[in-house]
Amino acid sequence: MFEKCKELQSYIVAVRRELHQVPEIGTNLPETQAIIVRELDQMGVTYKKNQRDSGIIGEIKGAHPGKTILLRADIDGLPITEATGVDYTSKHESCMHACGHDAHGAMLLGALKVLQENRENIKGTVRFVFQTGEEICRGARVAIEEGVLDGVDNVFGLHIGSIAGADVPAGTLVAVPGCCMASFDRFILRIRGVGCHGSTPEKGVDPITIAANITLSLQEILAREIPAMNPAVLTLGKIAGGAAYNVIPGEVVIEGTTRALDDGVRKYLAKRIGEISKSVAEAYRGICEFEMDWGAPPAVNDPAMTELAQNAAVKALGKEHVMTSLAPLMGGEDFAYYLIERPGAFMFLSSANPQKHTDGPHHNPKFNIDEDVLYMGSAAFVSIVEEYFNS
């Protein structure tokens, strides 16, 4: 069946470009949902709209009973102003598909089109989900609460772009066993002091000084407390406080993120951030309130399902287009929540092409993909379904 995906290349590109023009953020994606629903209706595929967000869950039942496999595509965008210059640029101000989720939706639709037309050859059920809120780490949990995993045996997902590395040639599918992506979490530190005039700092408690000392102290967690063989990241991305050059403010807020490949390290980072920040603040006569906004755990691929995906990709794309080894990425993915509940595999499809300027970083105003590889993503999904039910 996967051979038919190449014939749908122009269809997949057209849908991707349509989705690209209407990026929406978070879990409320009405225009995106409408486009996908229109295509599913034209295919005659059974689906339901989620109650709590704009996600869509559906099924293609094969002619024969059997296991159930889940295929997932995330479809939300980012709060970024597009600067690609393409003629199908975003129509939504300050919103952009800067991570390839428009392509994810289009590639899954291409795969479903082939599977629906050939469902008599399927020996089981193909469930699918168009998931919201990956960028804010909310959509997978909503989909699970909506019942997406009920009766599902195994799960598969795919991410396009330069995510596997700008030097990985476009058209390469990467599937590796074990941990493939890190956890990603957000933390907030609210440092409270006592505001006063800048000329008399002794009359107040300076939260800016406290914030500076916390910033330096937190880096010691990685430098002196986490073993070198356990990769981890602690980044402070936002510090806000003060309104005038000669006034010591009453509060400073710091926001940051942590990444880890091990859940124990992940929890340790959170524990120590809270302990150190509070202690430093107290040492300088202030107070620090610590909040951990838990995102997603590490994404860990099942070895057997990864091998199945590798074999399927070799059949569909050729051995030269399949990579089976890659160091875990420190980026995060809420697909990890599916992998906690069911064995599966999360893969990467490179679209990095320096000649087409599609090898730039994700979450960048100029991010774009090499559309020539889109049918390959659909073909990989279809081939996985074939391999799954025939193995």
Side-chain angles (χ1 to χ4, degrees), residues 5 8-43 45 47 49-50 53-58 71-116 128-136 138-140 143 157-163 333-335 349 351 356 358 362-381:
C5 292
L8 293 176
Q9 170 68 2
S10 59
Y11 166 80
I12 302 167
V13 169
V15 173
R16 181 255 165 172
R17 292 187 176 191
E18 187 175 6
L19 290 170
H20 187 86
Q21 295 179 72
V22 292
E24 296 166 295
I25 298 168
T27 58
N28 183 30
L29 321 174
E31 290 186 64
T32 303
Q33 184 189 62
I35 292 171
I36 294 169
V37 163
R38 180 196 70 204
E39 296 303 314
L40 294 174
D41 285 339
Q42 291 177 359
M43 295 178 202
V45 173
Y47 65 88
K49 298 178 182 178
N50 287 355
D53 68 359
S54 298
I56 304 162
I57 299 171
L71 305 179
R72 174 266 206 169
D74 46 356
I75 54 174
D76 56 320
L78 286 158
I80 295 174
T81 299
E82 183 166 358
T84 60
V86 295
D87 57 8
Y88 52 89
T89 192
S90 170
K91 296 177 180 178
H92 291 176
E93 185 177 356
S94 302
C95 295
M96 178 190 176
H97 272 297
C99 201
H101 296 187
D102 50 343
H104 297 171
M107 290 188 296
L108 182 54
L109 283 169
L112 295 177
K113 194 173 182 68
V114 171
L115 294 169
Q116 173 70 355
F128 59 85
V129 57
F130 291 91
Q131 181 207 301
T132 73
E134 188 279 328
E135 297 292 357
I136 59 171
R138 294 291 183 270
L158 179 67
H159 204 305
I160 200 170
S162 61
I163 186 169
E333 243 291 346
D334 76 351
F335 190 82
L349 176 63
S351 66
K356 297 181 180 180
T358 62
H362 292 241
H363 293 215
N364 183 284
K366 293 186 177 181
F367 174 82
N368 207 345
I369 63 167
D370 183 351
E371 293 180 320
D372 288 346
V373 309
L374 288 177
Y375 81 90
M376 301 174 81
S378 299
F381 272 143

TODO: Could you tell me whether Arg38 and Glu18 have a side-chain N and a carboxylate O separated by less than 4.0 Å?
DONE: yes

Open item on the list: Quick test of your reading of the model: are Arg138 and Asp53 salt-bridged, counting only N-O distances below 4.0 Å?
Closed with: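 Looking at Arg138 and Asp53, the cut-off is not met.
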
Give a yes or no on whether the backbone of [Y] and the side-chain of [X] come within a donor-acceptor separation of less than 3.5 Å.
X      : Y      : answer
Ser378 : Met107 : yes
His92  : Pro23  : yes
Glu39  : Leu109 : no
His362 : Ile163 : yes
His104 : Ile160 : yes
Asp76  : Glu134 : yes
Asp102 : His97  : no
Ser54  : Leu29  : yes

List the atom of [X], the atom of [Y], and the distance in Å for their closest heavy-atom pair.
X      : Y      : answer
Thr81  : Ser94  : OG1-CA, 3.5 Å
Gly55  : Thr132 : N-CG2, 3.3 Å
Val129 : Ala143 : CG2-CB, 4.2 Å
Ala73  : Leu108 : CB-CD2, 3.6 Å
Ser162 : Thr358 : CB-O, 4.5 Å

Test item: [X] and [Y] side chains (from C-beta on) under 4.5 Å apart, heavy atoms:
X      : Y      : result
Ile369 : Leu374 : yes
Ile75  : Leu19  : no
Leu78  : His363 : yes
Leu349 : Ser351 : no
Asp334 : Gln131 : yes
Phe381 : Leu112 : no

In Å, rounded to the nearest 0.5 Å, how long is the span from [atom1] of [X] to [atom2] of [Y]?
X      : Y     : atom1 : atom2 : value
Leu40  : Ile35 : CG    : CD1   : 12.0 Å
Gln33  : Asn28 : CD    : CG    : 9.0 Å
His159 : Asp74 : NE2   : CG    : 6.0 Å

- [ ] Test Tyr88 against every option in His20, Gln21, Arg16 by the side-chain hydrogen bond (donor to acceptor under 3.5 Å, both in side chains) rule and name the one that passes.
- [x]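 Going through His20, Gln21, Arg16 one by one, the side-chain hydrogen bond (donor to acceptor under 3.5 Å, both in side chains) with Tyr88 is satisfied by Arg16 alone.
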
- [ ] Please work out which of the three classes, parallel, tilted or perpendicular, describes the rings of Phe128 and Phe130, given edges at 30° and 60°.
- [x] perpendicular

Open item on the list: Check this for me: Glu93, atom CD, are more than 12 non-hydrogen atoms of other residues, nucleotides or ligands nearer than 6.0 Å?
Closed with: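 Not more than 12 within 6.0 Å, no.
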
- [ ] Assess whether atom NZ of Lys356 is packed by more than 12 heavy atoms of other residues, nucleotides or ligands within 6.0 Å.
- [x]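 Enclosed: over 12 neighbouring heavy atoms sit under 6.0 Å from NZ of Lys356.
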
- [ ] Evaluate the criterion salt bridge (Lys or Arg N to Asp or Glu O under 4.0 Å) for residue pair Arg72 and Glu333; output intermediate values, then yes/no.
- [x] CA-CA 12 Å; Arg72 174 266 206 169; Glu333 243 291 346; 3.0 Å; yes

Open item on the list: For the residue pair Ser90 / Glu82, report whether a side-chain donor-acceptor contact shorter than 3.5 Å exists.
Closed with: no

- [ ] Would you please test Leu115 and Leu71 for side-chain contact (heavy atoms from CB on, under 4.5 Å) and show each step?
- [x] CA-CA 12 Å; Leu115 294 169; Leu71 305 179; 4.2 Å; yes

